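To start, the structure itself, in C-alpha cells.
Since this is a predicted model, take the numbers as computed values, not measurements. Counting from 1, the numbers follow the sequence of the chain as shown.
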Amino acid sequence: MAGKSRVSDWLRRRSENASGSGRAARAAAPDDLRRDELIQAAVAASYPVAPAVHPEGFGCSCDRIGCHIPGVHPVSQAWQTQASTDPQRVAQWLDGQPLANFITATGLNHDVLDVPAQAGRLALERLSADSATAGPVALQGEDRMLFFTATRGTPADEDEWWPCALDCNPETADEHPGIRWHCRGSYVLLPPARLPSGGTVSWLPGLGPDLPLPDPLPVLGILSDACAQFDDGGDGTDRADRSGTAGDTDDAKPEPAVWSR
C-alpha cells in the first residue's frame, strides 16, 4: 500500500516545497523528468492513454489549418482504438514524442467529472469534511477541475447503458459550462500537460492517479450542490433561483437506475 501512494506523496511534497515561483514551476512541469513517471503511473492505474498534440507558437502542433481545439486534441483520429495501458507501448510514445501532451480515454476504465474550479474547491472541502474519498483530482488551467471516478460506461448488457444530459466531449464543452461528464467517446488531457493559454493540467497535491477511483454518484451529488452555489462562469454569484443549467438543481442528476454495471 505504501508503494501505491508514492506518486501522490511526491505531488504533496512538491507542493509543500514550492516557492513564490510556483506558477512558473507548473508551466515547466510537462518538461521535467517526472513527465514519463506521471504518465506511466496513470497507465499502471489502468488509464488508457494516447499521444496528443501540444501548443506550438500561437497555434497547434498538428497540421490542420485553423485547428479549432489547438494543443488539446489527440494526434490520431483513431485515438479510441489507439489508447493503451501497455507500459511498453506508452514508453515508446514518450521517447518518440518528448513534447507531446497525452490524453486519457474515458468510459473504459474511468470517467471524469469536469467542473468549474471554484465549485471543485468547495466540493473538495465537503469531501474532506465528510471523510469521503475524492480520488484522483487534477486542475486544468485556472478554470476547471477534473474529478476522476469509476466508470458507468461498461455495463454487462449494452442495452442497460443510457446517455446522460451531462455527457460531453471536448468539442461540445461550450454546451456544458457547469458539470461535464466525460464518459464514452470522450477524453481529457492527462497531467502533466500544457495548454494553449500557457496554463497546465496538473494533479492536485496528494490526489494523484494512484488513488482508488470513487463511485461517481456520491461525487456527482457533491459537485452538483457545489455548482449550484456559483453561476456558470464560476464567479461566486448565488444562483439558487436559477435552473436549467448543467450543474443546477436535482433535475440535473441522472437517475442511478440507468447506470447498471
Side-chain angles (χ1 to χ4, degrees), residues 30 35 38-55 60-62 64 67-87 89-90 93-94 97 99-117 120 135-141 143-154 161 163-197 199-204 207-209 213 216 219-220 223 246:
R35 182 192 78 140
L38 289 172
I39 297 296
Q40 288 287 18
V43 171
S46 298
Y47 293 11
V49 307
V53 296
H54 58 86
C60 183
S61 63
C62 74
R64 303 175 190 172
C67 177
H68 63 289
I69 46 174
V72 299
H73 62 82
V75 170
S76 171
Q77 294 184 1
W79 58 270
Q80 292 189 67
T81 55
Q82 183 188 46
S84 177
T85 56
D86 180 351
R89 187 178 187 188
V90 174
W93 288 333
L94 289 165
Q97 304 180 53
L99 296 179
N101 288 330
F102 279 78
I103 59 98
T104 179
T106 54
L108 298 172
N109 297 335
H110 65 84
D111 288 354
V112 173
L113 293 168
D114 171 356
V115 299
V137 182
L139 183 63
Q140 180 173 299
D143 300 325
R144 306 291 300 186
M145 199 170 283
L146 309 177
F147 288 75
F148 288 69
T149 72
T151 183
R152 80 178 199 278
T154 54
W161 189 86
C164 164
L166 303 180
D167 288 347
C168 82
N169 61 60
E171 297 187 8
T172 62
D174 289 345
E175 301 172 17
H176 301 267
I179 296 178
R180 305 168 185 166
W181 195 321
H182 296 275
C183 189
R184 291 188 174 193
S186 190
Y187 62 84
V188 297
L189 281 176
L190 186 63
R194 291 177 293 156
L195 300 171
S197 63
T200 64
V201 184
S202 58
W203 296 112
L204 293 185
L207 299 177
L213 293 169
V219 179
L220 175 62
L223 290 175

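- Side-chain contact check for Asp167 versus Cys164: some heavy-atom pair is nearer than 4.5 Å.
- Nearest heavy atoms, Pro177 versus Asp174: CD-O, 3.9 Å.
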Candidate pair Cys168 and Glu175, rule side chain to side chain contact (heavy atoms under 4.5 Å, CB included), full reasoning: CA-CA 8 Å; Cys168 82; Glu175 301 172 17; over 6 Å; no

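- Nearest heavy-atom pair across Pro209 and Ala41 is CG-CB, 4.1 Å.
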Report the C-alpha distance between His176 and Asp114 in whole Å, list the side-chain angles of each, state the deciding distance to 0.1 Å, and finish with yes or no for side chain to side chain contact (heavy atoms under 4.5 Å, CB included). CA-CA 10 Å; His176 301 267; Asp114 171 356; over 6 Å; no

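- Residues Phe102 and Val75 have side chains not in contact (no heavy-atom distance under 4.5 Å, counting atoms from C-beta outward).
- In this structure, Val137 and Met145 approach most closely via the heavy-atom pair CG1-CG, 3.6 Å.
- In this structure, Trp93 and Gln82 approach most closely via the heavy-atom pair CH2-O, 3.4 Å.
- Taking every heavy atom of both residues into account, Thr104 and Pro48 meet most closely at OG1-O, 2.9 Å.
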Does the side chain to side chain contact (heavy atoms under 4.5 Å, CB included) test come out yes or no for Tyr187 and His73, once each step is laid out? CA-CA 9 Å; Tyr187 62 84; His73 62 82; 3.5 Å; yes

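- Minimum heavy-atom separation, Ile39 to Pro192: CD1-CD, 4.2 Å.
- Thr151 and Asp111 share a donor-acceptor pair across their side chains, judged by distance under 3.5 Å alone.
- No side-chain heavy atom of Val201 sits less than 4.5 Å from a side-chain heavy atom of Val188.
- Between Phe148 and Tyr47, the ring-plane angle classifies as parallel under the 30° and 60° cut-offs.
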Could you walk me through whether Leu213 and Thr149 pass the side chain to side chain contact (heavy atoms under 4.5 Å, CB included) check? CA-CA 5 Å; Leu213 293 169; Thr149 72; 5.6 Å; no

